[in-house]
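The sequence lines fix the lettering, A, B, ..., with proteins before strands; numbering per chain opens at 1.
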2 protein chains.
Amino acid sequence: MILENISSNKVCEGWHKQYTHNSKVLNCEMRFAIFLPPQASANNPVPVLYWLSGLTCSDENFMQKAGAQKMAAKLGVAIVAPDTSPRGEDVADDINKAYDLGLGAGFYINATQAPWNKHYQMYDYIVHELPALIETNFPVTTQRAISGHSMGGHGALTIGLRNPELYQSISAFSPICNPINCPWGEKAFSAYLGTDSEDWKIYDSCELLAKTTSHQPILIDQGSNDSFLQTQLKPENLMAIANKKNSLLTLNMREGYDHSYYFISSFIDSHLEFHAAHLGLTQQS
Amino acid sequence: MILENISSNKVCEGWHKQYTHNSKVLNCEMRFAIFLPPQASANNPVPVLYWLSGLTCSDENFMQKAGAQKMAAKLGVAIVAPDTSPRGEDVADDINKAYDLGLGAGFYINATQAPWNKHYQMYDYIVHELPALIETNFPVTTQRAISGHSMGGHGALTIGLRNPELYQSISAFSPICNPINCPWGEKAFSAYLGTDSEDWKIYDSCELLAKTTSHQPILIDQGSNDSFLQTQLKPENLMAIANKKNSLLTLNMREGYDHSYYFISSFIDSHLEFHAAHLGLTQQS
């Protein structure tokens, strides 16, 4: 696969770079961003944190607004931020251009229903195609962690829980914890997966955590003043299952914080340190 | 003057807030943003760093992309980010909607020429009207520092140098150091101030530094890979004067960095620490 580099910015002694490539899985051209810390070299490959963004976002929101590069550079971890859906004129979108279905709203699942199934295979893209591309083309190891925000928090939790052998640790900010029981999830899953809600369960963190036999460390931060907390996010549903199973899940309720990147930037360092500890890294300066 | 609060986000245990107000000086409604660190209270007012943004920016770019809140919260300094020009349908803009004249390009000067002089009085707004508003309505002291980027770096340098009694310290990222000798400055100053370049000198950092008798501390960071460095920014012109006068000017050339917020976010902590030291603050955690 051919990568085209479309931007480069030095940041915190490392590099932020954007690339485009033709995705076989998604059947379209995709863009992603990577932060390579100063430690990364052919002789010193570094682990990768995959960051999955929320509704309406691209690869740029996290890289521009989270302020993650300083700590990632200290710890020596690369960060890869993919887009949130397939893109292009040929790619189906919601007929009303809603923000929560179609472009910018891939929900990190493999769609089975027309017209979505032609391109919306974000699960396979994130779990298989993109890491293969990253591990072939950049000075990184095959060690992976995964994190994300809101819809991307749902993506991180479900992808991490379904693939414990691939991800050392999982974290999320303000994740959609129980998509089969909230309006965002019900709308997207019925469109992408059809109306039989049995088919939705493989993309629901609560269902997955209830069934998993692995004990992955999971860190969640949630703002108490998040306007989506009660109707869409429902961390209490996930926490109830975690408590019953003695899962390694820490949920930090953060008083007064909202759903924005101001919240993420306030606590991103602690998530990077959490992943670094489970990836065997220690702060280098 | 009446302030209307239009947004609030908790960030790093402090608050980011946006306000609108009617500006007498600019003769239009203006928006600004303020970051209040957790230490700020009526019993414990904190000093203020004014941040002046570059061409095309609003109050939002710095607050969203610089990652300054973490260190500002540690140090206990408020940050105020004004807009970069007067705004509104009634406000003159460049007939070609150029990015470097008119809206988003106020250059922090008082325009004397029609049609600009009706609204473009950014110098008076930044030096007088806005600080009076801030000091009346928020738990801050009258201690001020000033910083900015590109056009805003020019603003910080010129405003700081002309008002040593008002600003304890001055810093800038990638500033336009000698606007009377570069295309951006020549275009804007001839429009706003007329064609007699003698009238431009009160807004030129090199002219002001050459004449000042005060010894303010000045910190400048400049990326070596900045595409505007040679044609527009010219820090070497300012440095030559500083060297001749033994000014307290530090210019850090940063190898490989460009003109973007990725550069600013990489070094903003050191600018905050520089200002805090001159404001008599020390890191509190």
- Quick one: which of A/I220, A/I264, A/D221, A/L49 gives a side-chain contact (heavy atoms from CB on, under 4.5 Å) with A/H271?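 It is A/D221, the one option of A/I220, A/I264, A/D221, A/L49 that forms the side-chain contact (heavy atoms from CB on, under 4.5 Å) with A/H271.
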Measure [X] against the heavy atoms of chain A and call it side chain, backbone, both or neither at under 4.5 Å.
| X | answer |
| --- | --- |
| B/K65 | both |
| B/S260 | side chain |
| B/Y261 | neither |
| B/Q64 | both |

- Query: Regarding B/S227 and B/H259, is there a side-chain donor-to-acceptor distance under 3.5 Å anywhere?
  - Reply: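 Absent: no donor and acceptor within the cut-off.
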- Item | Side-chain H-bond candidate by donor/acceptor type, B/H275 with B/S171, under 3.5 Å |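 Yes, a side-chain donor-acceptor pair sits under 3.5 Å.
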- Going by heavy atoms in the side chains, are B/L238 and B/L249 under 4.5 Å from each other? yes
- Sort A/N9 into side chain, backbone, both or neither according to what part of it lies under 4.5 angstrom from a heavy atom of chain B.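 Contact with chain B is through both the backbone and side chain of A/N9.
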- Quick one: which of A/Q69, A/E13, A/E255 has the most heavy-atom pairs under 4.5 Å with chain B, could you say? A/E13
- Message: Tell me whether B/R254 forms a cation-pi arrangement with B/F267, defined as NZ or CZ under 6.0 Å from the six-membered ring centre and within 45 degrees of its axis.
- Response: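 That pair qualifies as a cation-pi contact.
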